[in-house]
Amino acid sequence: FAGQVLTLTWPLVGNSGVPPQTEDRGVRQFFESNRIWPRGLVVSEYSPHYSHWNAVRSLGDWLKEEDVPAIAGIDTRALAKRIRDKGTMSGRIVVEDRGQRTEDRDFSENKRTNFTAEVSCKEIIEYEPTPHNPVLCPLSSVLLLDLGVKNSVIRNLTNRGAKVIRVPWTHDFTGMDYDGLVISNGPGDPTFLGEAVEHIKKAITLGKPIFGICMGNLLLGKAAGAETFRLRFGHHSSNQPVRLCGGDRTYVTPQNHGHAIDPLRLSSDWEPWFTNLNDGTCEGIRHKSKPFFSTQFHPEHCGGPKDRENIYDLFFKKIKN
């Protein structure tokens, strides 16, 4: 959500509160990142009174602490319908009496921003595997290319017995020692990330397993010869149906992205893996003979259904083989 004014259509927000910022092996237990990334929050009705067994403060206190503005009392359903009809738009939360008129403000800023550079780690970070559960692939090392990775991705890797080596998005990791590569999710426009695409192209020649998620799917697609394009609306929800290509198996998936791969531009060694049943867009690709694959949706869920976490198991099976 980096760079976005985030609108929540759920009518009541804040009643569950905010959990503590406890960590497990360097990763926050109840959060997907180390800070709030949206630039603003828009809700219909805000409840300052929270009630949850794990809550330690209110949403309002958390937003104030991290200097993120929010506004309540908005007809968010009408706003969502406007976005649904007009497509994704730039916007601001403006206090009219602060001196600058809305029409004087620059609304093109997001189109020029490389949000991956803002959210990616700045140095290499290592995470040790969960001590009691090195089951599927003990003593394996996974190289994690950080484009704005969710903590759930790190948990899914370490919980399966892997040491995780997290590197910045511009880092040339191709000379490093690792067993498999994960290209993470992340915000923004993939056209800014040509440097990462070149490193992924090198990684493909090494033959080690590669697993891309969301933005990682887009970059793997570009490395495979395809082009990406901007969706008019994007996919932003926890209930997006995707179908396994070549079969009838359908999964309900959580998603948050604004771009997609044009599968017709893939080289002949690659093929679509999943298709979105709402609009027919490509939701994942895979190599026909080598252990390279990716998903546009989030198999690590949180929140969302867990039935696609088994893609992590598939990734470790490829490493083990």
Side-chain angles (χ1 to χ4, degrees), residues 22-34 120-121 124-169 171 173-174 176-186 200 203-204 206-217 219-220 238 242 244 249 251-255 273-274 283-287 290-321:
T22 53
E23 293 188 356
D24 179 23
R25 288 168 291 120
V27 180
R28 287 190 181 181
Q29 289 180 291
F30 308 110
F31 295 83
E32 288 301 323
S33 186
N34 62 340
S120 178
C121 62
I124 297 176
I125 306 172
E126 296 188 0
Y127 303 91
E128 294 300 320
T130 303
H132 62 279
N133 191 26
V135 177
L136 289 174
C137 200
L139 305 180
S140 63
S141 60
V142 172
L143 198 293
L144 176 61
L145 182 59
D146 180 12
L147 309 177
V149 65
K150 290 170 59 181
N151 286 341
S152 293
V153 175
I154 300 172
R155 295 189 202 102
N156 269 283
L157 296 172
T158 56
N159 286 346
R160 285 166 171 77
K163 176 181 179 180
V164 176
I165 307 167
R166 178 181 177 184
V167 301
W169 76 277
H171 190 78
F173 55 85
T174 53
M176 299 177 66
D177 183 22
Y178 64 90
D179 298 313
L181 169 65
V182 172
I183 312 167
S184 86
N185 61 286
I200 295 168
I204 288 175
L206 301 177
K208 297 179 181 180
I210 300 176
F211 173 26
I213 302 170
C214 196
M215 180 64 83
N217 173 66
L219 297 196
L220 185 61
S238 294
V242 302
L244 186 67
R249 188 73 181 270
Y251 301 92
V252 176
T253 65
Q255 306 192 16
W273 193 15
F274 296 97
E283 286 281 355
I285 60 174
R286 60 183 174 184
H287 196 277
K290 296 183 180 180
F292 314 142
F293 51 88
S294 58
T295 65
Q296 190 62 55
F297 55 86
H298 289 267
E300 71 280 356
H301 70 94
C302 204
K306 294 185 178 183
D307 56 344
R308 289 284 69 196
E309 270 194 8
N310 60 7
I311 295 180
Y312 285 93
D313 299 332
L314 174 63
F315 175 63
F316 280 97
K317 184 178 179 181
K318 297 293 185 183
I319 291 178
K320 193 171 184 179
N321 290 345

statement: One should read off an interatomic distance between R28 CZ and T22 OG1, to the nearest 0.5 angstrom, of 9.5 Å

task: Measure the shortest side-chain to side-chain distance between R166 and Y127 over non-hydrogen atoms and say whether it is less than 4.5 angstrom.
output: yes

- line: Of D179, D177, L181, the one forming a side-chain contact (heavy atoms from CB on, under 4.5 Å) with L143 is L181

- request: Give the minimum heavy-atom separation between G207 and P291, together with the two atoms involved.
  value: O-CG, 3.7 Å

- request: Output the distance between atom CZ (F274) and atom OG1 (T253), rounded to the nearest 0.5 Å.
  value: 9.0 Å

- prompt: Can you check whether I204 reaches L220 side chain to side chain, under 4.5 Å on heavy atoms?
  reply: yes

- request: Can you establish whether the number of heavy atoms outside K208 located under 6.0 Å from its atom NZ is more than 12?
  value: yes

field: Close side-chain approach of R308 and T295, heavy atoms under 4.5 Å
entry: no

Ring pair (Phe, Tyr, Trp, His ring centres under 6.0 Å), paired with W273, selected from F211, F293, F297: F293

message: Name the residue from L145, D146, V167 that meets the side-chain contact (heavy atoms from CB on, under 4.5 Å) definition with S120.
response: D146

message: Could you tell me if the side chain of S33 sits less than 4.5 Å from the side chain of K150, heavy atoms only?
response: no

message: Do S184 and I213 make a side-chain contact, defined as non-hydrogen atoms from C-beta onward lying under 4.5 Å apart?
response: no

message: Classify the ring geometry of H287 against F292: parallel below 30°, tilted from 30° to 60°, perpendicular beyond 60°.
response: perpendicular

field: Given E32, E300, E309, the one that forms salt bridge (charged side-chain N to carboxylate O under 4.0 Å, His left out) with R155
entry: E32

message: If I take atom NZ from residue K163 and atom OH from residue Y178, how far apart are they, to the nearest 0.5 angstrom?
response: 15.5 Å

message: Rounded to the nearest 0.5 Å, what separates atom OG1 in T158 from atom CG in N151?
response: 10.0 Å

query: Which pair of non-hydrogen atoms, one from N217 and one from S294, has the smallest distance, and what is that distance?
result: OD1-OG, 2.6 Å

- prompt: Just checking, is any N or O donor in the side chain of Q29 or D24 under 3.5 Å from an acceptor N or O on the other one?
  reply: no

field: Gap between atom CD1 of I183 and atom CE of M215 - 0.5 Å precision
entry: 11.5 Å

- prompt: Just wondering, do V149 and V182 contact through their side chains at under 4.5 Å, heavy atoms?
  reply: no

From L314 atom CG to I319 atom CD1, the distance as rounded to the nearest 0.5 Å: 10.5 Å

query: Which heavy-atom pair separates V142 from A162 by the least distance, and what is that distance?
result: CG2-CB, 3.8 Å

message: Within the 4.5 Å heavy-atom criterion, are H298 and C214 side-chain neighbours or not?
response: yes

query: Do you know which of T130, V164, I154 makes side-chain contact (heavy atoms from CB on, under 4.5 Å) with R25?
result: T130

